[in-house]
Amino acid sequence: MAGYPNTPDAPDSLPGRLAAANHDAILLAGRIVLGAIFVKSGLQKLLALGAFAASLAGRGVPQSATWAMIGATVEFVGGILIITGLKARYASLLMILFVIVATGISHRYWDFAEAAARRAQESQFFKNLSIMGGFILLFAAGPGRFSLDGWLASRRRSRTPDPLR
């Protein structure tokens, strides 16, 4: 990315220097805070699968027990993948899809007539939109060196003989 203005390696500003010096740690922190909500929420749903299935059925989702198991598992495992940085780009795409579906099922603010309920759901809708933005950025940036993807890549590099030696 050298040569592009406003990239983490741009040495011309304090934020650019801080980002460049701490790039991998910043990506780790971002993955942790982005994935934590999904680990927590997914685990809660897995532990109360019947209640989650009932809430999906109440929203008109057919075969709600099956979709509850799929949704809770994707949410939990996807959050773990994001935090650990394992297959992070694939996990980011999976979580974008998950958030789109979850938002379409649960945060249809335009369906609410009562003003307070509409505002609450609108806030949740835009929170999810922001989360999708985080996953898009993670997809573009990758998980960084402090990730299982980074660790696995460094192991592969150390096992590959250097043809110039």
Side-chain angles (χ1 to χ4, degrees), residues 1 4-8 13-16 18-19 22-144 146-150:
M1 287 201 175
Y4 288 93
N6 302 321
T7 59
S13 68
L14 178 61
L18 286 173
N22 300 291
H23 185 258
D24 292 308
I26 292 167
L27 287 171
L28 172 62
R31 288 194 338 266
I32 290 170
V33 298
L34 189 56
I37 189 172
F38 294 96
V39 172
K40 179 184 181 294
S41 181
L43 181 59
Q44 287 173 328
K45 288 173 181 151
L46 285 168
L47 294 175
L49 211 46
F52 180 44
S55 75
L56 291 177
R59 291 182 173 102
V61 175
Q63 301 176 346
S64 61
T66 301
W67 287 112
M69 176 56 93
I70 292 168
T73 302
V74 166
E75 188 172 14
F76 179 72
V77 172
I80 295 289
L81 292 173
I82 294 297
I83 289 172
T84 62
L86 179 63
K87 300 296 182 190
R89 285 192 162 119
Y90 290 110
S92 294
L93 294 174
L94 175 66
M95 296 309 288
I96 289 167
L97 179 62
F98 173 83
V99 173
I100 289 169
V101 171
T103 302
I105 291 170
S106 298
H107 303 301
R108 301 168 55 89
Y109 68 91
W110 51 89
D111 287 345
F112 288 81
E114 199 267 312
R118 177 188 276 271
R119 278 192 305 276
Q121 288 305 316
E122 185 177 23
S123 176
Q124 292 297 313
F125 179 92
F126 283 100
K127 174 214 31 128
N128 283 10
L129 201 61
S130 297
I131 289 170
M132 283 188 269
F135 285 129
I136 291 167
L137 290 170
L138 179 57
F139 176 78
F146 302 139
S147 66
L148 288 178
D149 284 351

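- The shortest non-hydrogen separation linking M95 to V74 is SD-O, 3.9 Å.
- The CZ atom of F126 sits 10.0 Å away from atom CE of M132, with the distance rounded to the nearest 0.5 Å.
- The CG atom of L86 sits 10.0 Å away from atom CZ of R31, with the distance rounded to the nearest 0.5 Å.
- Side-chain atoms of Q124 and S106, non-hydrogen and from C-beta on, never get closer than 4.5 Å to each other.
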Identify every side-chain donor-acceptor pair in residues 56-73 under 3.5 Å, counting partners at least two apart or on other chains, and give the distances.
residue, atom, partner, partner atom, Å
S64, OG, A53, O, 3.2
T73, OG1, M69, O, 2.7

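- Using modelled atom types, one side-chain atom of D149 and one backbone atom of A88 make a donor-acceptor pair closer than 3.5 Å.
- Between Y109 atom OH and Q121 atom CD the span is 11.5 Å, to the nearest 0.5 Å.
- S92 and F135 make their closest contact through CB-O, 3.6 Å (heavy atoms, listed as atom of the first residue, atom of the second, distance).
- Note that the CD1 atom of I83 and the CG atom of L28 stand 10.0 Å from one another [nearest 0.5 Å].
- Across every non-hydrogen atom of L18 and I26, the tightest pair is O-CD1, 4.3 Å.
- Note: L27 CG to I32 CD1 = 11.0 Å, rounded to the nearest 0.5 Å.
- Between the CG atom in N128 and the OG atom in S123 there is a gap of 9.5 Å [rounded to 0.5 Å].
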Please tabulate, for side-chain N and O atoms in residues 33-42, each donor-acceptor pair with protein atoms closer than 3.5 Å (sequence neighbours left out).
residue, atom, partner, partner atom, Å
S41, OG, K45, NZ, 3.3
S41, OG, E75, OE2, 2.9

